[in-house]
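Read through the structure below, which is laid out as structure tokens, and then see the notes.
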Amino acid sequence: MKTFADKVRDVVRKIPKGKSMTYKQVAAKAGNPKAARAVGAIMRTNYDESIPCHRVVRSDGSFGDYNRGGTQRKREMLKREGAL
DNA sequence: TAGTTGACCGGAA
DNA sequence: ATTCCGGCCAACT
């Protein structure tokens, strides 16, 4: 039985290039549609290199936060990949 | 174990 | 449009 954190990491890892999912969508795919906040908490503590956490955005259409460089860094990443 | 914090969401003022 | 409040869940102290 995988934990919620494991599922979240797996889901985020499966996000195709040029696509972006909301925290809520990721949480829903992980099994908890109401755990959007938890997703952020997990990414913050356990952000892996294999996990394109920059492709995870907020439901409002904003980019949300990031660990390295902040929101602007995230925006540039998405722009570079073609998601924008 | 309990309390606080936070890469969030949705609704109300 | 912006600001405030309650709610959900995981990690940290």
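Just so you know, these numbers come straight off a predicted model, no measurement behind them. Residue numbers start from 1 in every chain, and the chains themselves are labelled A, B, ... in the order their sequence lines are given, proteins ahead of strands.
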By the 4.0 Å heavy-atom rule, please label [X] as base, sugar-phosphate, or nothing.
X	value
A/D60	sugar-phosphate
A/A36	sugar-phosphate
A/R44	base
A/F63	nothing

Rounded to the nearest 0.5 Å, how far does [atom2] of [Y] lie from [atom1] of [X]?
X	Y	atom1	atom2	result
A/N67	A/K74	CG	NZ	9.5 Å
A/F63	A/T71	CZ	OG1	8.5 Å
A/R58	A/K24	CZ	NZ	12.0 Å

With A/V26 as reference, evaluate A/R9, A/M21, A/K14, A/M43 under the side-chain contact (heavy atoms from CB on, under 4.5 Å) test and give the passing residue. A/M21
side-chain contact (heavy atoms from CB on, under 4.5 Å) with A/V8: which of A/V11, A/V12, A/D10?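 Testing A/V8 for a side-chain contact (heavy atoms from CB on, under 4.5 Å) against A/V11, A/V12, A/D10 leaves exactly one candidate, A/V12.
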Using atom [atom1] of [X] as one end and atom [atom2] of [N] as the other, report the distance to the nearest whole Å.
X	N	atom1	atom2	result
A/N46	C/dC12	CG	C1'	14 Å
A/N32	C/dC9	CG	P	6 Å
A/K34	C/dG6	NZ	P	19 Å
A/Y23	C/dA10	OH	P	16 Å
A/R58	C/dC8	CZ	C1'	15 Å

First-last contacting nucleotides on DNA chain B - partner chain A, under 4.0 angstrom, heavy atom: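 Taking any atom under 4.0 Å from a heavy atom of chain A, the span is B/dG6 to B/dG10.
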With side chains defined as the heavy atoms from C-beta onward, is the minimum distance between A/Y47 and A/I42 less than 4.5 Å? no
